[in-house]
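Any value given below was found using the heavy atoms of this structure, including those in side chains, with hydrogens, waters and symmetry copies removed. Both ligands and their constituent atoms are indexed starting at 1 by order of listing.
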Amino acid sequence: MESAIELLVVGPSSARIEQISRRLEKQGYPLHIAAGLVDARARIGEIPAEQLVVLSLQADSQTLALLEPVNGFPNFPMLLLIDQNDTPATVNAIKAGVINVLVDSPTTLDTLSESIAAALDEWKLRREQHLANDHAARFGHILASSLTEIYTFDAETLKFIRINHGAAENVGYSREELRDMTPLDLKPLLNREQFEDLLRPLRRREKEAIRFETLHRRKDGSLYPVEVQMQFADVEPPVFVAVILDISERKRAEEKLQASDARFRSIFATAAAGIAILSPYGEILDANPFFCEFSGFRKDELIGKNIEDVTHPDDRATTVDYYSALRHGRDPIVNIEKRYLRKDGQVRWGHASVACVLDRDQSETYCIGLVQDITKHKEAEAKMQAAYSELDAFVHTVAHDLRTPLTPIIGIAEYLRTHAAKEFDPTALNLLADIENSGYRLLALLEDLLVLARVGHVQQPAAPVDTRRVVDEVLMNLAGPLTKGKIKVKVGELSPLYLPKTLIRQLFDNLIGNAVRYAGAAGKPSEIGEERQDDQIIFYVRDHGPGIPEKENGHIFEVFYRGETAKQVSGTGIGLATVRKITRLYNGDAWVETTPGGGSTFRLEFPISLLSGAADANQTG
Ligand code: ADP
């Protein structure tokens, strides 16, 4: 809805104002009559410019000063109504920004309302033009002062016509000097013919614009790289418009990138590790000399092959799996020990680290694989394993063979002591008891040694073993000492494990047995439970007994080591060695910590992969 015009009447004679007001009131204008110039100024500030028309009945300079043009344009339309034709006053008023000057007559008054509406329309139109001109002027000014170089040059003579501030600034010539020059004077790499070749598609209107990179030479002779954009403007006389961007920074960044590429290339070429660039599906895109040597293939043979083709058949499924994990972002980087199959059929072990990254323009993913040759290390490890196996077998045989004659020795000593006691004096009977006790100790030692030697030779279970049940069985076996010593043990949740039952039994037999033997007297219950930590599951057996003296901490897991706490307690010093051997066999570890407030907390750490799916479900459910 168009808002009504508000008319402000300014004039010296109140009689005259009255007369005009009466006429206008009939035409429905909200009318304000200014009581003097100060009041007029205040009213002007209150009425929105879009609606205000000022009708002045006097043309003195103070009244005209109400117009206060901003940027040469008055803030509102003013109409001047004078008694009789007065050319100098009219010119003055128009100069000051008055929209129209009316001479008083009955017709003028009859059509005053139309004149007022026309004045407002005219003012609005002029304001639009003024703003457009103003914008153009400002834009021109911005271009002129821009630091980007902008030139126009004559299409015929190629001489510069207009040169902006940035251009003069960058090239170091004054505008006067430049007006006698052509773009060729700035472009040492181009001659007239070459420049014309570039301009031709513009002249023929085949192209809207052209863009090229070249060097510009400053007045002081220094050169700088530029990107030139040129257009043809069909004005009179026709000109070319050139916008020049100084691309020194961009060039420097490109050079840096090239340098870092070169560095990568030299690392790639000389690294003492295999480096391969692969697609996220494992297709080999590039391989360095070390990788070629490692795999036995030439580079051109490798490119296009899949990494599976150079992987040992037994490790192919794992390889496919980890590429899938990388592709789907499940793993940002994969570290794996795997076997490679060389061209000559030999097997090599490698430690591979693979990560996938987006290329420079973020459009494609590629993977970088780093392979270290660990064949020798693996061979040494296998030899060591074999030696350990031999040692286990030896210990097993010796313990077994020693145990055979031991049973009758103990049996005979016991028989003589109990059935033929009359034949011996008390000293001889004591000696027989000693033989019997030592025999039993030796038997326990041999039993423990047999267990220790057997650890690495137990069959993996097909189904997860219920750890909690094994612990309950151990506790049942210990029912005697537990009841006798009024010893309490609290058992928490324990996840089933893919670990042979005999080994789980050994672990808890030893740890709970120790807690009972060494810490039973403490009075406080021992606790058995588990915790998760990253990719590990940690079982613990915590007691509140005497604890392990710090100096013994590194030794108690050694075979035959017996600590200070063991002085009054019989044992073989093999239990904890067996515990550690079992955990390490399954890529875990065992250690002891001090229980807060005193006592020992033994921890058994295993990789989470030893947990069954059912155990996982129990945990989360
Ligand atoms: P053994 O118990 O037969 O001596 P272990 O290998 O089981 O052999 O333990 C080695 C030593 O560690 C023990 O002799 C004892 O000194 C110490 N030890 C083991 N468990 C505990 C415990 N819960 N509290 C205090 N000392 C312990």
Hey, what polar pairs (N/O, under 3.5 Å) does ligand 1 make with protein?
residue, atom, partner, partner atom, Å
ligand 1, 2 (O), Asn514, OD1, 3.4
ligand 1, 2 (O), Arg517, NH2, 2.5
ligand 1, 2 (O), Tyr518, OH, 2.6
ligand 1, 3 (O), Thr572, N, 3.0
ligand 1, 3 (O), Gly573, N, 3.0
ligand 1, 4 (O), Tyr518, OH, 3.1
ligand 1, 4 (O), Arg562, NE, 2.6
ligand 1, 4 (O), Arg562, NH2, 3.1
ligand 1, 6 (O), Gly575, N, 3.4
ligand 1, 6 (O), Leu576, N, 2.8
ligand 1, 7 (O), Asn514, OD1, 3.4
ligand 1, 7 (O), Asn514, ND2, 2.9
ligand 1, 8 (O), Gly573, N, 3.4
ligand 1, 14 (O), Tyr518, OH, 3.4
ligand 1, 14 (O), Gly563, N, 3.1
ligand 1, 16 (O), Gly563, N, 3.0
ligand 1, 16 (O), Thr565, OG1, 2.8
ligand 1, 20 (N), Asn514, ND2, 3.3
ligand 1, 23 (N), Asp543, OD2, 2.8
ligand 1, 26 (N), Thr565, OG1, 3.1

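In this structure, Lys338 satisfies the cation-pi test against Tyr340, with its NZ or CZ atom closer than 6.0 Å to the six-membered ring centre and inside 45 degrees of the ring normal. The cationic atom of Arg580 (NZ for Lys, CZ for Arg) lies less than 6.0 Å from the six-membered ring centre of Phe557 and within 45° of the ring axis.
Note on Lys551 versus Glu564: salt bridge recorded, some NZ/NE/NH1/NH2 to OD/OE distance being below 4.0 Å. The pair Glu530-Arg603 does not meet the salt-bridge criterion, since no charged nitrogen lies less than 4.0 angstrom from a carboxylate oxygen.
Among residues two or more places apart in sequence or in another chain, the disulfide bond (SG atoms under 2.5 Å apart) test is passed with Cys356 by Cys367.
Screening Ile504, Leu475, Thr502 for a side chain to side chain contact (heavy atoms under 4.5 Å, CB included) with Val470, the sole residue that qualifies is Ile504.
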